[in-house]
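The basis for the numbers below is simple: all heavy atoms, side chains too, and nothing from hydrogens, waters or symmetry mates.
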Number of protein chains: 2
Amino acid sequence: MASGKRKNYHHGDLKNSLVEAGLELLRHQDASGISLRAVAKEIGVSHTAPYRHFKSKHSLLAAISQRGFEILTENTRQAVDKEPNDARQQLMLSGQAYVDMAVEHPKLLHLMFGGALSLRDCSTEYCQIAQNSFLSLTHILENGVSTGVFKDKSSTEMSVVVWSLLHGLAMLISAGQLDNEITSQKRIRELSGLAVDTLLNGLLK
Amino acid sequence: MASGKRKNYHHGDLKNSLVEAGLELLRHQDASGISLRAVAKEIGVSHTAPYRHFKSKHSLLAAISQRGFEILTENTRQAVDKEPNDARQQLMLSGQAYVDMAVEHPKLLHLMFGGALSLRDCSTEYCQIAQNSFLSLTHILENGVSTGVFKDKSSTEMSVVVWSLLHGLAMLISAGQLDNEITSQKRIRELSGLAVDTLLNGLLK
DNA sequence: GGTTTAATGTTGACATTGTCAACATAAAAT
DNA sequence: ATTTTATGTTGACAATGTCAACATTAAACC
């Protein structure tokens, strides 16, 4: 409808619409600046319609966060699939996908990791998908070790290290901490590649 | 006063007390769960007294965040001072100080990096102190290069890489993402050391 | 020491927000 | 066609952020 006012009483797919509207609002502002009433109004339903699909505002934010993990997982999978046999390149591409997420969805990333949402209090499904980056990296590292590209170390521990590097870069970028260092999209890719390259080759002489 | 009710009309140091009270509340809950009225009540002043010292709730949160950067800076400085001549050890100790911050102040760290607070809109002083970790690491790396311990690469770029690694580890820990991997305080120190060690020596065979 | 000024705290009010209960509508099941 | 269930609306209430006007007192000044 032109004015955004719905003709029918039943929306039909309100739950998903609320999540997508929330994602859209997070493009422009932090989670703390988002109100349930604003999201409902954006879609053209009453201020308490969301309570038919979500127990609370917190629940809606958790659903938006889960959507974020789905996007991150899919972006990373597509990137990695470009190089099915090269573990080193897969790490590079994973890094780029991760950092791209930070550039495109900074506020969403901030919601996903920490704050009111916690892995210490989540559904089985949410907890699982929130760890996909870790699992994906573990898989790449296992491939790298078994093909002789990487040192034979605990893949789990190395995943933690690789994930830390990529996640840290993503978080610093999205928080604006590297704005002095970053002048273009190309530069971001350079830094991402440099980070992975430095981890592979080491800092010591 | 025993009941927390102040006898005198003038508090005397309300501005700092608000920041400290906010820090304390952040030990137990996310910034989104903190209200100005609750902070004021904690100190025993009226609900609008804070507006005599802070333009808005956002301003108080920014002051709390700045306090957090001060704590991080001081903790890191004290850790690094233990090894004035060993750049490699200084990196290790910086890592530990950074990660300790994540364990002790997870919600504060989340407030400091991203969300409603941004380096794209901050006072000169805040912007400056928010970059202290970066400057500290750059200094350590410059020392390491000049003493021949580290490869002769751009210290600025290497600082970004090291900071990403430490920051990522800290953020993942504080978000509960590494709870499966971390079983004790000792384990956290191990992971922190492992992360720095892996960055120094590299992953490639 | 008294007066004036400025800093700072309080009171009351208002708009917005999250959430609830009761009611309304219609889709689905029987 | 009727009943049940899902889902949306209306109205209300408590909590919150913020503002203006007023109150208290500390500091500055003479």
Of the options D:dT18, C:dC20, D:dG8, whose atoms approach the side-chain atoms of A:His11 most closely? D:dG8
Pairs satisfying salt bridge (charged side-chain N to carboxylate O under 4.0 Å, His left out), at least one member in residues 108-126 of chain B, at least two apart: A:Asp179-B:Arg120
Mind listing the residues from residues 53-63 of chain A sitting with a heavy atom below 4.0 Å of DNA chain C? Number order is fine. A:Ser56, A:Lys57
Rounded to the nearest Å, what distance is computed from the CD1 atom of residue A:Ile43 to the P atom of nucleotide D:dG8? 10 Å
Counting C-beta onward and ignoring hydrogens, is there a side-chain heavy-atom pair between A:Phe150 and A:Asn143 closer than 4.5 Å? no
Residues that B:Phe69 engages under ring pair (Phe, Tyr, Trp, His ring centres under 6.0 Å), provided they are two or more places apart: B:Phe113, B:Tyr126
All side chain to side chain donor-acceptor pair (under 3.5 Å) counterparts of A:Ser32, not counting sequence neighbours: A:Asp30
Here the residues of residues 25-35 of chain B within 4.0 Å heavy-atom distance, strictly under, of DNA chain D are B:Ile34, B:Ser35
Applying salt bridge (charged side-chain N to carboxylate O under 4.0 Å, His left out) as the test, list every pair that has at least one member in residues 52-68 of chain B; sequence neighbours left out. B:Glu20-B:Arg67, B:Arg67-B:Glu70
For A:Asp81, what residues pass the side chain to side chain donor-acceptor pair (under 3.5 Å) criterion, not counting sequence neighbours? A:Arg77
Residues at least two apart in sequence or cross-chain that pass side chain to side chain donor-acceptor pair (under 3.5 Å) with A:Ser59, listed by chain then number, are A:Ser56
Kindly write out the residues that satisfy side chain to side chain donor-acceptor pair (under 3.5 Å) with A:Arg37, not counting sequence neighbours, or none if the list is empty. none
Results of salt bridge (Lys or Arg N to Asp or Glu O under 4.0 Å) for B:Arg88 - residues two or more places apart only: B:Asp197
Quick check on DNA chain D: between A:Ala49 and B:Ala38, whose nearest nucleotide comes earlier from the 5' end? A:Ala49
Tell whether B:His47 reaches the base of C:dG9 with its side chain through a donor-acceptor pair below 3.5 angstrom. no
Centroid-centroid under 6.0 Å between A:His110 and B:His110 rings: yes
From the set C:dG18, C:dG9, D:dT9, return the single nucleotide nearest to any side-chain atom of A:Ser46. D:dT9
Given atom CZ of A:Arg37 and atom P of D:dT10, what is their separation to the nearest angstrom? 12 Å
Can you check the B:Leu18 CG to C:dT8 P distance for me, whole Å? 12 Å
Taking only nitrogen or oxygen atoms into account, show me every contact under 3.5 Å that the protein makes with nucleotides 20-25 of chain D, one pair per line with its distance.
residue: D:dA23; atom: N3; partner: B:Tyr9; partner atom: OH; Å: 2.9

The criterion is ring pair (Phe, Tyr, Trp, His ring centres under 6.0 Å); which residues satisfy it with A:Phe134, sequence neighbours excluded? A:Trp163
May I have the distance from A:Lys41 (atom NZ) to C:dA15 (atom P), rounded to whole angstrom? 15 Å
